[in-house]
There are 2 protein chains.
Amino acid sequence: MAGTGTRNRRERLRAETTAEIKQVALGLMGEGGPDAITLRAIAREMGMTANAIYGYFATRDALVTTLIDDLYTALADTVGAAWDATAGEDPATRIRAWAGAFRDWTLANPEGFRLVYGDPVPGYQPPEGGPAPDAAQRVCLVLTAVADAAWPHARHLYGDSEFQWSDFDPGLLAKVRPAFPDLPPAAVALALSIWGRLHGLVSLEVYGHLNTQTTSPERLFREELTHLLRSLGVPPAA
Amino acid sequence: MAGTGTRNRRERLRAETTAEIKQVALGLMGEGGPDAITLRAIAREMGMTANAIYGYFATRDALVTTLIDDLYTALADTVGAAWDATAGEDPATRIRAWAGAFRDWTLANPEGFRLVYGDPVPGYQPPEGGPAPDAAQRVCLVLTAVADAAWPHARHLYGDSEFQWSDFDPGLLAKVRPAFPDLPPAAVALALSIWGRLHGLVSLEVYGHLNTQTTSPERLFREELTHLLRSLGVPPAA
DNA sequence: GCGGGAACTATACGGCGTGAAGTTTCGAAA
DNA sequence: TTTCGAAACTTCACGCCGTATAGTTCCCGC
């Protein structure tokens, strides 16, 4: 079994180097922002030559795409875990937990948020379908769960919604509709709407546009959640 | 008066060159995104040397800051004009006009939106106080006017708001409070909240995160406005 | 122990922002 | 009209960057 052992060893070394490249890249990003992710800087940190990285990633964009994928997955895991951890509790508590996890992750990983949701890095062109479509749809799936939890209270607000199933991406619906077979198109719109509300505040905060207006973005976010839940008709937590 | 004429001529040439630099930079941005704003490309386009630009802008960041300032001012002018143009009409119409102008400007100038609200350009560090603080506060001032228009209907929703004047930037309040002396702190929070809601959807759309979920971001935006007005208690337009 | 492939380095090219120094241009004072 | 000086612009240089190509080293499997 030496052959197998060797292949495993080689693959293990390769996986370790790949992981180190990504880890160093994330470290550089944390220090100097997304722009600090340069192959030469990574190689310098690792005692290698920049070109050695090409053995692991075809281009710098491929590395960035992988990073985005990892970060988006981590975000999806985090908010999904916050949602699942509150299973059985009332909708207001769950939605607050979910939204709080989203904001907390973002504030803990501001550069990651920029990488995932903003202009990642000079000249970066996302691959077809965008990076991390899987994680994006997982986030949307949790979003739809949020909308599903609020729907019994909020459905009366969407009586005049014009949304059709054809207004949404088939790939998204393929994940969403089996999981929530009773929800109408308007509920998916509600999910995207909730996403937009939270994304807006968090995005403004991360990019420093709120800091010059208010000293309490946290309070703004908290009261926004209160009004969101109230406007949806979700009864407040006990 | 030759002296004056000469000085005027020199200054005119200088102003024209400065304007051309900015215009070429905006053109490059429109073609290749914010990353295409390079001193060498601008100079190439103008038949100059990159270093000649240093006679007009201290650094590339200074040029970018000026561009951000111009764009932010244009945005503030646009949404302000849409607001003023509907003076006398009912709040719902005015708010829709204002929000529509915001989204329309953004979709017409997606790269400008990225420059103003996102990561502008590789390694760019905004100057102290951020770029274009004046335009930002003008936008916020119109936002507050929006909140002011909705406040008679929405104030009952903010009875339990914990916001104090000290939660906001003094510079912002110096502009806002004289213009709307009767508004409480919660109304400014409402203004920022409205900003966040619209910014979130538009931002997701501009950065391509909505396109993979829905084919009708315009409908999403329109219905979001409907729900915003409804949740604020603003009666719909006639 | 040796062949082969994987991992890595060396070198090079073009593009970037920017600093220092030199050159041209042109209005204004003599 | 000549000359002076400042402004405008170029040239050259440096160190970054991504990346292509070719060469080198090392080590696993036969």
Side-chain angles (χ1 to χ4, degrees), chain A residues 1-21 24-25 28-29 31-67 119-125 127, chain B residues 1-21 24-25 28-29 31-67 119-125 127:
Chain A
M1 296 299 284
T4 303
T6 293
R7 194 175 331 118
N8 284 350
R9 183 184 128 82
R10 275 237 257 255
E11 287 176 354
R12 201 190 63 233
L13 286 176
R14 187 174 179 79
E16 281 172 3
T17 306
T18 305
E20 188 184 354
I21 291 173
V24 169
L28 289 169
M29 184 186 71
E31 294 169 20
D35 305 322
I37 305 176
T38 70
L39 298 185
R40 295 180 124 103
I42 295 168
R44 220 177 291 133
E45 196 101 353
M46 295 177 64
M48 296 170 67
T49 299
N51 273 347
I53 300 177
Y54 282 90
Y56 299 88
F57 297 94
T59 65
R60 187 208 51 159
D61 276 16
L63 168 59
V64 170
T65 299
T66 302
L67 291 178
D119 280 322
V121 119
Y124 174 80
Q125 298 288 350
Chain B
M1 298 296 283
T4 303
T6 293
R7 195 177 330 120
N8 284 351
R9 182 182 129 80
R10 274 237 257 255
E11 287 176 354
R12 200 190 64 233
L13 285 176
R14 187 175 178 77
E16 281 173 3
T17 305
T18 304
E20 188 185 353
I21 292 173
V24 169
L28 289 169
M29 184 186 72
E31 294 170 19
D35 304 323
I37 305 176
T38 70
L39 298 185
R40 295 180 124 104
I42 294 168
R44 219 177 292 132
E45 196 102 354
M46 296 177 65
M48 296 171 66
T49 299
N51 274 345
I53 300 178
Y54 282 90
Y56 300 88
F57 297 93
T59 64
R60 187 208 51 159
D61 277 15
L63 167 60
V64 170
T65 298
T66 302
L67 292 178
D119 280 322
V121 119
Y124 174 80
Q125 297 288 351

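Bear in mind the structure is a predicted one, so any value in this text is a computation, not a measurement. Below, chain A is the first sequence line, B the second, and so on; all start at residue 1.
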Visitor: Under 3.5 Å, is there a donor-acceptor pair between the side chain of B:Thr38 and the main chain of B:Ala41?
Guide: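 Here the side-chain-to-backbone pair exists.
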Visitor: Please assess A:Thr18 against A:Phe57 for the test side-chain contact (heavy atoms from CB on, under 4.5 Å), listing each intermediate value before the final yes or no.
Guide: CA-CA 8 Å; A:Thr18 305; A:Phe57 297 94; 3.7 Å; yes
Visitor: Taking atom C1' of C:dC8 as reference, at what distance in whole Å does atom CD of A:Glu16 sit?
Guide: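 A:Glu16 atom CD is separated from C:dC8 atom C1' by 17 Å.
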Visitor: Keeping A:Thr59 on the side-chain end and A:Asp61 on the backbone end, is there a donor-acceptor pair under 3.5 Å?
Guide: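 Yes; at least one donor-acceptor contact below 3.5 Å.
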Visitor: Can you check the B:Phe57 CZ to D:dA8 C1' distance for me, whole Å?
Guide: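 To the nearest whole Å, that distance equals 15 Å.
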Visitor: Which nucleotides of nucleotides 9-17 of chain C have their base under 4.0 Å from a protein heavy atom (B), which only their sugar-phosphate (S), and which neither (-), written as one string 5' to 3'?
Guide: BBBB---BB
Visitor: Which atoms form the tightest heavy-atom contact between A:Ile37 and A:Arg60, and what is the distance?
Guide: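 Looking at all heavy atoms of both residues, the closest pair is O-CD, 4.0 Å.
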Visitor: List the atom of A:Leu63, the atom of A:Leu39, and the distance in Å for their closest heavy-atom pair.
Guide: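 So the minimum-distance heavy-atom pair works out to CD2-CD2, 4.1 Å.
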Visitor: Answer yes or no: does a side-chain N or O of B:Arg14 lie under 4.0 Å from OP1 or OP2 of D:dA7?
Guide: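 For D:dA7, OP1/OP2 do not have a side-chain N/O of B:Arg14 under 4.0 Å.
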Visitor: When we call it a touch if two heavy atoms are under 4.0 Å apart, what does B:Tyr56 touch: a base, just sugar-phosphate, or nothing?
Guide: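 Sugar-phosphate: the residue B:Tyr56, judged by heavy atoms under 4.0 Å, touches backbone atoms but no base.
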Visitor: Can you name the closest pair of heavy atoms from B:Leu28 and B:Ala36 and give their distance?
Guide: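 That closest heavy-atom pairing would be O-CB, 3.5 Å.
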